[in-house]
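The chains referred to below are lettered A, B, ... by the order of the sequence lines, with proteins before strands, and numbering in each begins at 1.
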Protein chains: 2
Amino acid sequence: MTTIGTPPGPNIGVRDTYRHGDLSRALVEAGVELARAGGPTAVALRAATRRAGVSPNAAYRHFADRGALLEAVCSAGQARVAEAIEAEQALIPDATDPVTAARLRFRAVGTGYLHFALAEPGLFQTAFTASPDLESATSGSRAGAVGRGPFELLTDALDRLVAVGVLPGGRRPGAEFLAWSAVHGLAMLLINGPLRALEAGQAEVLIRRVVDMVEQGL
Amino acid sequence: MTTIGTPPGPNIGVRDTYRHGDLSRALVEAGVELARAGGPTAVALRAATRRAGVSPNAAYRHFADRGALLEAVCSAGQARVAEAIEAEQALIPDATDPVTAARLRFRAVGTGYLHFALAEPGLFQTAFTASPDLESATSGSRAGAVGRGPFELLTDALDRLVAVGVLPGGRRPGAEFLAWSAVHGLAMLLINGPLRALEAGQAEVLIRRVVDMVEQGL
DNA sequence: AGACAATGTGTACGACGTCTACATTAGTGC
DNA sequence: GCACTAATGTAGACGTCGTACACATTGTCT
């Protein structure tokens, strides 16, 4: 006797067949919801399988352990960050002259990153804490619509700054890490650090100033 | 019948009396060790009480819940960060002229912070993730030898930069958050972010460059 | 049709946080 | 000196989690 599809609670992946069909994806989606609500620690195997309407151990057919699911959720989160950055970049008018376009494009990486962090703190935190190495950070699964991850969008913007002549080529190597550090640090301080209780307006001022500092200090 | 002092495992706080004497401190110390070994999530009530040679529920006489213990461990961690910064500042020769002394003192805040992060990643992470608000970040319990926390050491160094004439007074307000963001972000990227696998030498180069960026971009 | 691999279920174990009830002890007022 | 009370520690239980093992069901390939 197998009870299928009607355990209590809001079943997202209700089914009437023994097989689920797309459990892998369903688990990641459930994990993303859990991360949105409660950050990395809330991404639990059992909770995800519950949402998918499946027994806890079913997860092990698709993920080696909880860490593997967390990694998949992390990749999904990074993809959404990339989308947020691209959305911010899309606001730049096409008619902008190349130099200021490059500058605005670069700034949009930082502001998009930070706005996403403020809008989706749990998912953001999940996306960048306990994330895999840098190597895998440039892989396809963390990409946005254009197929690039947040890190690649940053390096692209920096390369364009050099091409346009705003950033001297000598300062280019390693610049991605400087920029990333400043923006990522503010995100952390704003989300679960000591700046947590800051009001939205003041946060916006800080965001602008940090991006200013990066642009000037690179 | 009460078994006292001889549960299995490495008992740190072995005792022969029913009362422990200083359980509160013993639990925080155990928590610090757990944090050093495994980061914030490793700070468990049961593990801490085990190390103190005490039953799990004894912790509830001193901490409201696990979060309260974590907070105490976090404060202890911040105190150690402050000590690391002070140690780095103490390396500045007394005979240095006031202007460069102020500059070096400021840079020492960043480098001390980052060196501690690299030396004690678990404790560092515990100290600054899920930490209480900024208000309490300036309280006494997170202080180092001089009685100031990491944040106060930073603001002190910035004030001195202004006093000496290196930093224009108009740029002073909010500068602590800019500097903190950059340094904290690099720490996070180096510890559990995508820069985790970086070798020590390259990390040191990045540290220098980030502090350069802050000094120039402020 | 029958074998095999893929996928999902059931049961079980230890660790965790935390609740409730109980035991032991240190001070305090007499 | 002694009983009372508050502080402190213990015992047991419950629900959660991750995960290991054995078993059930199904799609697929020959």
Item to check | Length of the CG-C1' vector between B/Leu27 and D/dG9, whole Å | outcome: 12 Å

Next on the checklist: Can you pull out every salt bridge (charged side-chain N to carboxylate O under 4.0 Å, His left out) where at least one residue sits in residues 115-127 of chain B? Sequence neighbours excluded, please.
Outcome noted: B/Arg36-B/Glu120

Checklist entry - When the distance from CG of A/Leu70 to P of D/dC17 is rounded to whole Å, what number comes out? => result 14 Å

Item to check | Atom-pair distance (NE2 on B/His20; C1' on D/dT10), nearest Å | outcome: 15 Å

Checklist entry - Atom CG of A/Leu34 and atom C1' of D/dT16: how far apart are they, to the nearest Å? => result 14 Å

Checklist entry - Taking atom C1' of C/dC16 as reference, at what distance in whole Å does atom CG of B/Leu69 sit? => result 14 Å

Next on the checklist: List the residues meeting side-chain hydrogen bond (donor to acceptor under 3.5 Å, both in side chains) with B/Asp159, not counting sequence neighbours, and say none if there are none.
Outcome noted: B/Arg172

Next on the checklist: So, using salt bridge (charged side-chain N to carboxylate O under 4.0 Å, His left out) as the criterion, who are the partners of B/Arg107 when residues are at least two apart?
Outcome noted: B/Asp212, B/Glu215

Item to check | Residues forming a side-chain hydrogen bond (donor to acceptor under 3.5 Å, both in side chains) with A/His115, sequence neighbours excluded | outcome: A/Glu88, A/Glu204

Item to check | Base D/dG12 to side chain B/Asn57, donor-acceptor N/O within 3.5 Å cut-off | outcome: yes

Next on the checklist: Tell me which residues in residues 58-68 of chain A lie within less than 4.0 Å of DNA chain D, going by non-hydrogen atoms.
Outcome noted: A/Tyr60, A/Arg61, A/Asp65, A/Arg66

Next on the checklist: Tell me every residue that passes side-chain hydrogen bond (donor to acceptor under 3.5 Å, both in side chains) with A/Arg171, counting only those two or more places apart in sequence or in another chain.
Outcome noted: none

Item to check | Shortest non-hydrogen separation from A/Ala59 to A/Thr49 and the atoms involved | outcome: CB-CG2, 3.7 Å

Checklist entry - Could a donor-acceptor pair under 3.5 angstrom be found where the side chain of A/Arg46 meets the base of D/dT19? => result yes

